[in-house]
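Working notes, beginning with the structure itself.
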Amino acid sequence: MKVHHVGIVVKDIEKACLLYRGLGYVQVDSIIEDNVQHNRLLFLKNGELLVELIEPINSSSPVYNPRNLGYHHICYEAEDLDKAIFSFEDAGLGKIFTDKITAPAFNGRKVVFAILKNGTIIELLAGDVDVRS
């Protein structure tokens with residue numbers, strides 16, 4: 001699997017975008033309204049590093065907690081998501097804590113979220129051609 005992006009939870013996506021632009025990031029596309037997970041999303045790129053800014057829309061968002069702003073997850077792209085899930089569980093790396101979720105930010109590709117034994121949250125993204133890759 002290869003690293004696809006790093007997810008960062010922000011309070012205000014427009015203000016965060018300006019901040020990251022000051023660090024040399026460029027906006028990849030428009031803000032995405034993710035009504036599945038109740039977030040607004042924006043992808044920024046600096047060289048090869050892709051960052052996903054995540055602004056919770058409401059308390060139904062799984063990342064809604066005003067005290068937990070900042071780093072949230074590392075996303076890994078897997079050619080075969082089912083195989084990656086099996087390998088993750090079989091290796092005892094941690095626990096998958098969501099079912100497969102349809103991700104509007106990735107043209108309907110499926111994702112799952114997991115937590116490593118050390119507490120790090122990761123996202124596994126079904127492989128496919130993607131303009132944000």
Side-chain angles (χ1 to χ4, degrees):
M1 294 187 292
K2 70 174 188 167
V3 173
H4 186 272
H5 69 268
V6 174
I8 300 172
V9 179
V10 299
K11 183 177 180 178
D12 182 312
I13 208 161
E14 285 88 359
K15 286 181 181 177
C17 181
L18 290 174
L19 178 69
Y20 281 87
R21 281 185 178 172
L23 295 170
Y25 287 82
V26 294
Q27 190 170 326
V28 174
D29 52 19
S30 301
I31 294 174
I32 300 162
E33 300 288 333
D34 181 345
N35 294 314
V36 175
Q37 295 191 71
H38 307 277
N39 295 315
R40 295 174 73 214
L41 310 171
L42 182 63
F43 288 90
L44 306 171
K45 200 166 194 174
N46 185 333
E48 293 299 313
L49 180 60
L50 186 64
V51 169
E52 174 189 30
L53 300 180
I54 308 161
E55 178 190 321
I57 294 171
N58 56 44
S59 61
S60 296
S61 166
V63 298
Y64 180 82
N65 184 338
R67 293 178 295 183
N68 290 337
L69 299 176
Y71 167 80
H72 182 260
H73 68 271
I74 300 173
C75 177
Y76 294 90
E77 189 171 27
E79 273 187 40
D80 182 326
L81 185 58
D82 291 325
K83 184 177 177 181
I85 291 169
F86 176 79
S87 296
F88 181 86
E89 292 173 336
D90 191 50
L93 299 173
K95 180 174 174 53
I96 304 283
F97 65 87
T98 66
D99 292 327
K100 290 180 188 171
I101 302 167
T102 300
F106 301 111
N107 301 319
R109 292 160 61 186
K110 300 292 184 182
V111 300
V112 296
F113 286 88
I115 189 161
L116 297 175
K117 287 183 175 182
N118 70 0
T120 302
I121 295 175
I122 66 168
E123 178 181 22
L124 300 176
L125 170 65
D128 199 349
V129 176
D130 189 302
V131 296
R132 293 178 204 89
S133 295

Verify side-chain contact (heavy atoms from CB on, under 4.5 Å) between Asn46 and Val51, making sure each step is shown before the conclusion. CA-CA 8 Å; Asn46 185 333; Val51 169; over 6 Å; no
Atom NE2 in His72, atom CD1 in Ile8: separation rounded to 0.5 Å? 11.5 Å
Could you give me the CA-CA distance, side-chain angles and deciding distance for Gln37 and Ile54, then say whether side-chain contact (heavy atoms from CB on, under 4.5 Å) is met? CA-CA 10 Å; Gln37 295 191 71; Ile54 308 161; over 6 Å; no
Give, for atom SG of Cys75 and atom CG of Leu124, the distance between the pair rounded to the nearest 0.5 Å. 7.5 Å
With a 4.5 Å cut-off on side-chain heavy-atom distances among I, L, V, M, F, W and Y, is there a chain of contacts connecting Leu125 to Val63? yes
Taking all non-hydrogen atoms of both residues into account, name the closest pair between Asn39 and Leu41 and its distance. CB-CD2, 3.9 Å
Might you point out which heavy atoms bring His38 and Asn35 nearest each other, and give the distance in Å? CE1-O, 3.8 Å
Can you check whether Tyr71 reaches Thr120 side chain to side chain, under 4.5 Å on heavy atoms? yes
Would you say the side chains of His5 and Glu123 form a donor-acceptor pair under 3.5 Å? yes
So which atom in Asp34 and which in Val36 form the shortest heavy-atom distance, rounded to 0.1 Å? OD1-N, 2.9 Å
With side-chain contact (heavy atoms from CB on, under 4.5 Å) as the test, would you mind laying out the steps for Arg109 and Leu81 before giving the verdict? CA-CA 10 Å; Arg109 292 160 61 186; Leu81 185 58; over 6 Å; no
Using a cut-off of 6.0 Å, state whether more than 12 heavy atoms not belonging to Asn58 lie near its atom CG. yes
Would you give the length of the straight line joining atom CZ of Arg40 to atom CD of Glu14, rounded to the nearest 0.5 angstrom? 4.5 Å
Flag yes if more than 12 heavy atoms outside Glu33 fall under 6.0 Å of its CD atom; otherwise flag no. yes
How far apart are the closest heavy atoms of Ile85 and Lys100, and which atoms are they? CD1-CE, 4.2 Å
Is Leu50 reachable from Val3 through a run of I, L, V, M, F, W or Y residues, each pair having side-chain heavy atoms under 4.5 Å apart? no
Can you hop from Ile57 to Ile32 via hydrophobic side chains spaced under 4.5 Å? no
Donor-acceptor pair, distance only, cut-off 3.5 Å: does the side chain of Ser87 make one with the backbone of Lys83? yes
Can you find a heavy atom in the side chain of Lys11 that is under 4.5 Å from one in the side chain of Glu55? no
Side-chain heavy atoms nearer than 4.5 Å, only ILVMFWY residues, links allowed to pass through others: does that put Tyr64 and Phe113 together? no
Contact summary for Cys17 and Leu53, nearest pair of heavy atoms: N-CD1, 3.8 Å
Mind checking whether Ile122 and Leu93 have side chains closer than 4.5 Å, heavy atoms only? no
Partners of Thr102 by side-chain hydrogen bond (donor to acceptor under 3.5 Å, both in side chains), sequence neighbours excluded? Lys110
Would Lys15 and Val10 count as a side-chain contact (heavy atoms from CB on, under 4.5 Å) if you check the C-alpha gap in whole Å, the side-chain angles of each, and the deciding distance to 0.1 Å? CA-CA 9 Å; Lys15 286 181 181 177; Val10 299; over 6 Å; no
Is there side-chain contact between Leu44 and Gln27, with at least one heavy-atom pair below 4.5 Å? yes
To the closest 0.5 Å, what do you measure between CD1 (Ile115) and NZ (Lys95)? 10.5 Å
Quick test of your reading: applying ring-ring contact (aromatic ring centres under 6.0 Å, His included), list the pairs with at least one residue in residues 74-105, sequence neighbours left out, ordered by first then second residue. none
Nearest 0.5 Å, what's the CZ-CG distance between Phe43 and Asp29? 7.0 Å
Do the side chains of Tyr20 and Ile13 join up, straight or via other hydrophobic residues, at under 4.5 Å, putting them in one cluster? yes
